[in-house]
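In this text, all values refer to a predicted model and were calculated from it rather than measured experimentally. No hydrogens, no waters, no symmetry mates; every other heavy atom, side chains included, goes into these values.
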Amino acid sequence: MSAASPLPEGLAELALPLERLVSPKSAGPLKKHLGLGTVGELLNHFPRRYLNRGELMPIEQVPLNEDVTIMARVLSAGDRRPMRGRKGHIQDFVVTDDSGISTLKVTFFNNFGAQSQLKPGVLALFSGKVTLYQRQRNLTSPDYELLPDDELSGQEADFKAQRPVPVYPATAKVSSWRIEKVVAAVLDAVDLDVLPDPLPAEIAARERVPSLAESYRQIHQPMLAEEWQRARDRFRFQEALVLQTALARRRFQAAAEEATARRGSAEGLLARFDSALPFTLTNGQQEVGAVLAGELAAHHPMNRLLQGEVGSGKTVVALRAMLQVIDSGGQAALLAPTEVLAAQHYESIRSILGPLAEGGMLGGFDGGTQVTLLTGSQSAAARKRALLDTASGTAGIVVGTHALLSDNVQFFDLGLIVVDEQHRFGVEQRDLLRSKAVKPPHLLVMTATPIPRTVAMTVFGDLETSTLRELPAGRAPISTHIAGLENPRWVQRIWARAREEIDAGHQVYVVCPKIGTDDDGDGSLPPADEPSLSARASRELAEVTAVVEQLNLERALAGTRIEALHGKLDPTAKAETMAAFAAGDVDVLVSTTVIEVGVDVPNATLMVILDADRFGISQLHQLRGRVGRGGLPGTCVLVTALEPGHPSRRRLDAVAATTDGFVLSQEDLKLRREGDILGASQSGGRSTLRLLRALQHEDIIAQAREDAWAIVEKDSYLLDHPALDAAIEGYLNPDNEAFLERG
């Protein structure tokens, strides 16, 4: 709540602990397993879908190895039999869907209630994880709930049989219907009519949505499908308005801050840099550069997101902005997520600036600056020198990792922060760096992962957005192929192809998802759309250490120089290996995803990604962008053991079909769980978005954005909209607030 905002009546109802209304036995598991501790948290835990009694979910479509709730009819009940090797009994049931053909085996241990209740013909909800064993789908020791059916007598049973059945996001410890029962008790106990409505009355009237109280009842206890649909539409728009208002308010407040104008100089470093460039800037680079130059010259801080394809020239655009700030007497900080990437930026900036980066040094330009590197693994002497250069202003450009955020790092006059690969950093890190400036610094956030317009509106609504689509001259095309290991000849051909590139004087990347036996790699996570990870857990994934050994024995690669690179290497060893590869002294670099961004070796022309199905679309696209950078055609081979037609091969098909990152970003959003892209998998908690889907609800987001700006322009502190202000505070809790500050 804003300090001056009056507290809306009814908020106390939402803040009530659940144990005040229901028994500890009911409230405790909700808090422990789902994080639902108050009335408001429970009421806003909406059903994810609704079941109609007459429509059973096809069993063949039930995802494997996930917590699911399904409606099925008991087909048969087996005899109870003793368990082997221990006391107790086991009993199997067979349930089916509408087809009567697809079946699921349900197994219980020592459950006498199931024997008496799950008679053939009974309709029930089952909750648990479905696994595949000997080609038969199995559900072991599920929670279950009987449903009223036409065969049941009584008016109440007939009435209940027609109502949609809500299915809540649940866990193995707390089933959907247990949540439903607690919700019912809370709805009876709480006065919903006193709850403050975040939607302004005029917007609610225009959208023709039900009241807040009516919407809560209808989304949790609908009599008809039309009711939960109307309620869901209302909460979806409310969610969009709350989020867009938070973003609009943040941008409004940022624009009201006073920054130091950095107008540059007509004869400074930037002018000399431009005149010495060995290439011509693309039209996009020139246009974005002009925008940045204008915003840096203003008296309020620039807050801009720069997105562009891999190799579209974002670094040059950012460097020109840094030089304008230096020409104005300020400093620029470039924050990179890894030491490998920070070192790459440091070397490439010094290389492209040449004498301009050697101010005060023998042979350097008299009016030049210096570039310094600050990382956690530096020697004490190197770190001390970097800290002194940063604090004195000798270093106009300071490149670093999280080490830049340390308390002992001080800037002479920090004027511009450039954040590379924004998704690796959160709100606290960005704010820590901002706090090192006397006045709010200008901010440029860069990402090489193209972002669909709707996602940008939803996630980065507080940042202006610029996009580079045009690739600089000299970037060669990259061809991508899928190599399925169901064909053993592919393995031999891959390494023979690698040898051909090496014999032609080029170099090869080999990417693995893991470092060694007891490791999960350098941050590459199983893709969110993977339907059967545990079923594949027994298959060995490619490991850097094992692959290096294998390739050293590979006849096709005899006599080649093969080295490993991964995040657990000593920093000095990492730097030496990367430098050797860049210098052409290593033929094959076997690596994890540490080379995903920023690594620039023009002579590398082939990339082999082992177990490529373990990476997401954007990650594969980023990795692929490491080849074809020196005017030579690049080739990427996606190696997978998955059979054709497997759902996870859809990602590989998408990557192989196009090199357009914006097309791939749309496909990525379709395939992945949206929370993993938009929500708090980036910030450490559950997905921020509940009902809103950026790709599907562009019209809703756009309308809410327009409404939010109209509200904030008239009432920037939301003094006249206390319920909306309260909803923002409740919706964007401290963990989820990083969602807005992802830069």
Side-chain angles (χ1 to χ4, degrees), residues 305-319 322 332-353 357 371-378 382 386 397-406 409 416-426 429-430 433 444-449 509 511 515 521-524 544 563-583 589 591-602 604 607 615 618-627 629 661 682 742-743:
L305 169 70
L306 175 58
Q307 61 172 338
E309 277 288 9
V310 175
S312 59
K314 295 181 298 299
T315 303
V316 171
V317 172
L319 180 55
M322 294 182 207
L334 173 56
L335 182 62
T338 66
E339 292 200 355
V340 169
L341 183 52
Q344 283 275 328
H345 277 309
Y346 171 70
E347 294 294 346
S348 65
I349 289 173
R350 291 182 67 223
S351 174
I352 196 170
L353 286 179
V371 183
T372 195
L373 177 67
L374 190 61
T375 65
S377 64
Q378 285 177 310
I397 298 175
V398 183
V399 182
T401 56
H402 294 75
L404 286 178
L405 310 176
S406 301
V409 177
L416 171 65
I417 297 171
V418 179
V419 182
D420 195 18
E421 291 309 308
Q422 49 73 34
H423 60 281
R424 307 287 186 94
F425 298 99
Q429 294 155 328
R430 191 169 94 182
L433 199 48
L444 180 63
V445 171
M446 298 196 300
T447 176
T449 304
Y509 290 105
V511 180
I515 297 173
D522 287 338
S524 65
V544 170
E563 293 290 345
L565 181 71
H566 53 75
K568 291 189 176 180
L569 284 175
D570 175 83
T572 302
K574 275 192 295 188
E576 290 176 350
T577 301
M578 199 63 239
F581 188 65
L589 186 68
S591 171
T592 55
T593 55
V594 293
I595 53 95
E596 178 184 348
V597 290
V599 175
D600 189 2
V601 180
M607 173 172 287
F615 303 96
S618 63
Q619 205 168 26
L620 291 171
H621 184 55
Q622 289 280 343
L623 288 166
R624 173 173 62 181
R626 299 307 105 206
V627 296
R629 302 179 73 86
Q682 305 276 7
R742 196 89 54 78

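- With sequence neighbours excluded, the residues that form a side-chain hydrogen bond (donor to acceptor under 3.5 Å, both in side chains) with Ser377 are Glu339.
- In this structure the side chain of Thr338 never reaches within 4.5 angstrom of the side chain of Thr401, judged on heavy atoms.
- Within the 4.5 Å cutoff, side-chain heavy atoms of Leu353 are placed close to those of Leu319.
- Between Gly567 and Thr592, the shortest heavy-atom distance links the atoms N-OG1, 4.2 Å.
- Considering CE of Met578 and CG of Leu341, their distance stands at 11.0 Å, rounded to 0.5 Å.
- Ile349 places a side-chain heavy atom less than 4.5 Å from the side chain of Leu334.
- A heavy-atom distance below 4.5 Å is found between the side chains of Met607 and Ile595.
- Under the side chain to side chain contact (heavy atoms under 4.5 Å, CB included) criterion, Leu569 pairs with Leu565, His566, Lys574, not counting sequence neighbours.
- Side-chain N or O atoms of Ser348 include one that pairs as donor or acceptor with a backbone N or O of Gln344 at under 3.5 Å.
- Partners of Ala573 by side chain to side chain contact (heavy atoms under 4.5 Å, CB included), not counting sequence neighbours, listed by chain and number: Asp570.
- Under the rule for a side chain to side chain contact (heavy atoms under 4.5 Å, CB included), Ala579 has no partner lying at least two apart in sequence or in another chain.
- The minimum heavy-atom distance linking Tyr346 with Val399 is given by the pair N-CG1, 4.2 Å.
- In this structure, the separation between CZ on Arg350 and OG1 on Thr372 is 9.5 Å, given to the nearest 0.5 Å.
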Working for side chain to side chain contact (heavy atoms under 4.5 Å, CB included), residues Val316 and Ile352: CA-CA 9 Å; Val316 171; Ile352 196 170; 4.3 Å; yes
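- Inter-residue side-chain proximity for Phe615 and Val511 is flagged as met; some heavy-atom pair is nearer than 4.5 Å.
- Taking every heavy atom of both residues into account, Leu374 and Ala403 meet most closely at O-CB, 3.9 Å.
- The side-chain heavy atoms of Leu373 and His345, taken from C-beta on, include no pair separated by under 4.5 Å.
- Every side chain to side chain contact (heavy atoms under 4.5 Å, CB included) that Ala318 has, sequence neighbours left out, goes to Met322, Val418, Leu444, Met446.
- Taking each heavy atom of Val371 and Ala357 in turn, the nearest pair found is CG2-CB, 3.9 Å.
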